2 protein chains.
Amino acid sequence: MSTRQPVTINDVARAAQVSVSTVSNVLTGNRPVAAKTRQQVLQVVEALGFRPNRLARGLVSRSSKTIGIVASGLEYFGPSRTLVGMEQEASERGYSLLLSLIHDPATEEIEPIVTDLLAHQVDGIIWAIPQIGHNRTWWLNGAHPLPIPVVFLNHQTWPGLVSVDIDNCYGAQLATTHLLESGRQQIGLIAGPSTWYAANQRQKGWASALQAAGKASEPRQIMTGDWSPQSGEQAFYALMKRYPEMDALFVSNDQMAIGAMRAASDLNLRIPEDIAVVGFDDIPEAAFTRPRLTTVRQQVVELGRLAVTALLELIDSSNQQEEQQHNRLLQPSLIVRESSQRLR
Amino acid sequence: MSTRQPVTINDVARAAQVSVSTVSNVLTGNRPVAAKTRQQVLQVVEALGFRPNRLARGLVSRSSKTIGIVASGLEYFGPSRTLVGMEQEASERGYSLLLSLIHDPATEEIEPIVTDLLAHQVDGIIWAIPQIGHNRTWWLNGAHPLPIPVVFLNHQTWPGLVSVDIDNCYGAQLATTHLLESGRQQIGLIAGPSTWYAANQRQKGWASALQAAGKASEPRQIMTGDWSPQSGEQAFYALMKRYPEMDALFVSNDQMAIGAMRAASDLNLRIPEDIAVVGFDDIPEAAFTRPRLTTVRQQVVELGRLAVTALLELIDSSNQQEEQQHNRLLQPSLIVRESSQRLR
DNA sequence: TTGTAGGCGTTATCAA
DNA sequence: TTGATAACGCCTACAA
């Protein structure tokens, strides 16, 4: 690598005794170069450790080979893995990631963030903000046409928006139906914060599964947490008080489920005998709680890869003006463990 | 924002009836501009929605205001939060993050990654790879002087290297000493993978605390896991077999501790009566296991901020040729809960 | 197949 | 305090 006193394409051209365009053509492959000259050039490139300056390249070619990721909630299971998936897919396809995090999705100004990404000449943006709120309406009111494609994660489908997501509604249906089929009658819900799109979808899935079974889903069956184990614990206490006949519980994520199970245990309720519990996420800990937690597994890494794939398709096609609309949903699966064993 | 048919500094200059240099000076503040002209320019900038192209700016100013993050282990508690901290500090100070992840730190070629970052003209790099291995030796043999500063996370101190870290050794000492002081005699260890620097440090802390108490630390007291709850479960079984007199256990992270507690429970061992357990990390679940888990809390977000702060200092000072060496260690703290209650 | 020259959008230098 | 103009490093017509 050597202590780069920046070596430029000119240095290479000079050393290889060819013109800069030849060097450029060797490197980009945009025009054919005689095999012999190419070898010569590559050799010099290697020897000098030349790496084309991507700023300069991006400036003239109008493509930075960089995509902007706007994310939040990296402290949670899903979002952090999804970011890993995005990076994998992107780097495998020669793209770099410019990362912006939003820390308060409810209030934070998003225009500066997008503007900054644009100033960096990113080729596309992945909007990976799980929370609904003004960050959504900003996009939805359509007042902000962007010169580059955008792919949305955890977002409702919307005409003109490309989005990929886990099918959270289906996952919750899986969980709830499983509880019903194993003989449970009274199924409570600890929901995630209503500011999260996924939380709403999971609640919807829970309700629709109950409805499909001819059962009501009333507000008193529902408590809302903030994803934390602590909120799960509190929600459980509240739920038992107002809905004492509850014999099963769907919890919108595993962390809250862990809190809820702790609370059940403190109330001397047995799981699954007195009350069955199903979580969501399948975090590593889920298989090692007591009892081991039944939960819904989602392909979070795959989701990230999918988002990048979708974005790159848009980027490629936008050069050719073809418009395509593929909103894809990944199907989660149910992992049955001890916490929801059928009663005998 | 408008459908950016890219508006350039020339457009602004023309509309404001000034020269491009004046516009530039207004925006960068590099040279004083008359208040009146400045107002005029700013107004046009606003009206046209002009944003300086950062590629162009970086090309000529030789500063991209971008820092490269090379990380791995984002699926774990510490690294994911640390990334959040880095982003916060960076964005607050006007820097963007270019993110590269390493997926197999043992074998992955690192030269291409560094080279790519360099090609992007990042102003500095934060090496946030928790694993030791050839990615370390690559740096340590000193054969790769870089034109930009690098800050290391989770790395041994080394002459000429700037590093910041959690004081893992001290944290493990806290935990182990706590167990000793609460009357435990036989203290086992479930270590993290030896490929992780932090895991080694925690083992060292455990051993040194034992030594300070005049106790031996023998290999049979130690089992190594891979951070997962499952490996913690297995390690516990193995440990009980070969070290049956064990009455306390320090586990190198909370996830493995959860697995270990599950195993203890399956063996009908009571915690803390039969065996006390202390973890490391203070993940949210730790306070809601049964029993609630005593653990070591580290300032993971702060660590990220610190890394960026250190890097930016280097960047600023490297323009002035002052060399400074501040290797900083963040002190973790002990959170005592049920799993290590003193025996009466 | 190769070379020359112009330009990408910005900052920096040098005059005015 | 302001303005022209030359870089920055690269790609890409256009010419040879």
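Owing to the predicted nature of the structure, the values given are computational and were not obtained by experimental measurement. First the proteins, then the strands, lettered A, B, ... as listed; each starts at 1.
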Student: Check salt bridge (charged side-chain N to carboxylate O under 4.0 Å, His left out) between A:Arg54 and all other residues, then give those that pass, not counting sequence neighbours.
Tutor: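 Here the qualifying residues are B:Asp116.
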Student: To the closest 0.5 Å, what do you measure between CG (B:Leu161) and CD (B:Gln156)?
Tutor: 8.5 Å
Student: Please evaluate residues A:Thr28 and A:Arg57 with respect to the criterion side-chain contact (heavy atoms from CB on, under 4.5 Å), reporting the C-alpha separation (whole Å), side-chain torsions for both, the decisive distance (0.1 Å), and the verdict.
Tutor: CA-CA 10 Å; A:Thr28 63; A:Arg57 179 177 276 186; 4.1 Å; yes
Student: So B:Gln88 and B:Val308, do their side chains get closer than 4.5 Å, heavy atoms only?
Tutor: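 Not in contact.
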Student: Using the salt bridge (charged side-chain N to carboxylate O under 4.0 Å, His left out) criterion, which residues pair with A:Glu92? Sequence neighbours excluded.
Tutor: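 Result, salt bridge (charged side-chain N to carboxylate O under 4.0 Å, His left out) vs A:Glu92: A:Arg305.
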Student: Can you check ring pair (Phe, Tyr, Trp, His ring centres under 6.0 Å) on B:Trp158 and B:Phe152, steps first, answer last?
Tutor: CA-CA 10 Å; B:Trp158 195 265; B:Phe152 292 82; over 10 Å; no
Student: Which parts of nucleotides 8-16 of chain C does protein reach within less than 4.0 Å, heavy atoms only, written one letter per nucleotide 5' to 3' as B for base, S for sugar-phosphate only and - for none?
Tutor: BBBBB-B--
Student: So, do B:Ile113 and B:Glu108 sit near enough that their side-chain heavy atoms are less than 4.5 Å apart?
Tutor: yes
Student: A:Gln131: what forms a side chain to side chain donor-acceptor pair (under 3.5 Å) with it, not counting sequence neighbours?
Tutor: A:Ser72
Student: With a strict under 4.0 Å distance from non-hydrogen atoms of chain A, what nucleotide opens and what nucleotide closes the contacted stretch of DNA chain D, reading 5' to 3'?
Tutor: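 Endpoints of the contacted stretch of DNA chain D: D:dG9 to D:dC14.
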Student: With each end axis built from five pairs of C1' atoms, what bend angle do you get for the helix from C:dT1-D:dA16 to C:dA16-D:dT1? Round to 10°.
Tutor: 40°
Student: Compare all side-chain heavy atoms of B:Tyr95 with those of B:Leu311 and state whether any distance is below 4.5 angstrom.
Tutor: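 Side chain of B:Tyr95 against side chain of B:Leu311, heavy atoms only: no contact under 4.5 Å found.
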Student: Please find the pair of heavy atoms, one from B:Arg136 and one from B:Tyr197, that lie closest to each other, and give the distance.
Tutor: NH1-CB, 4.2 Å
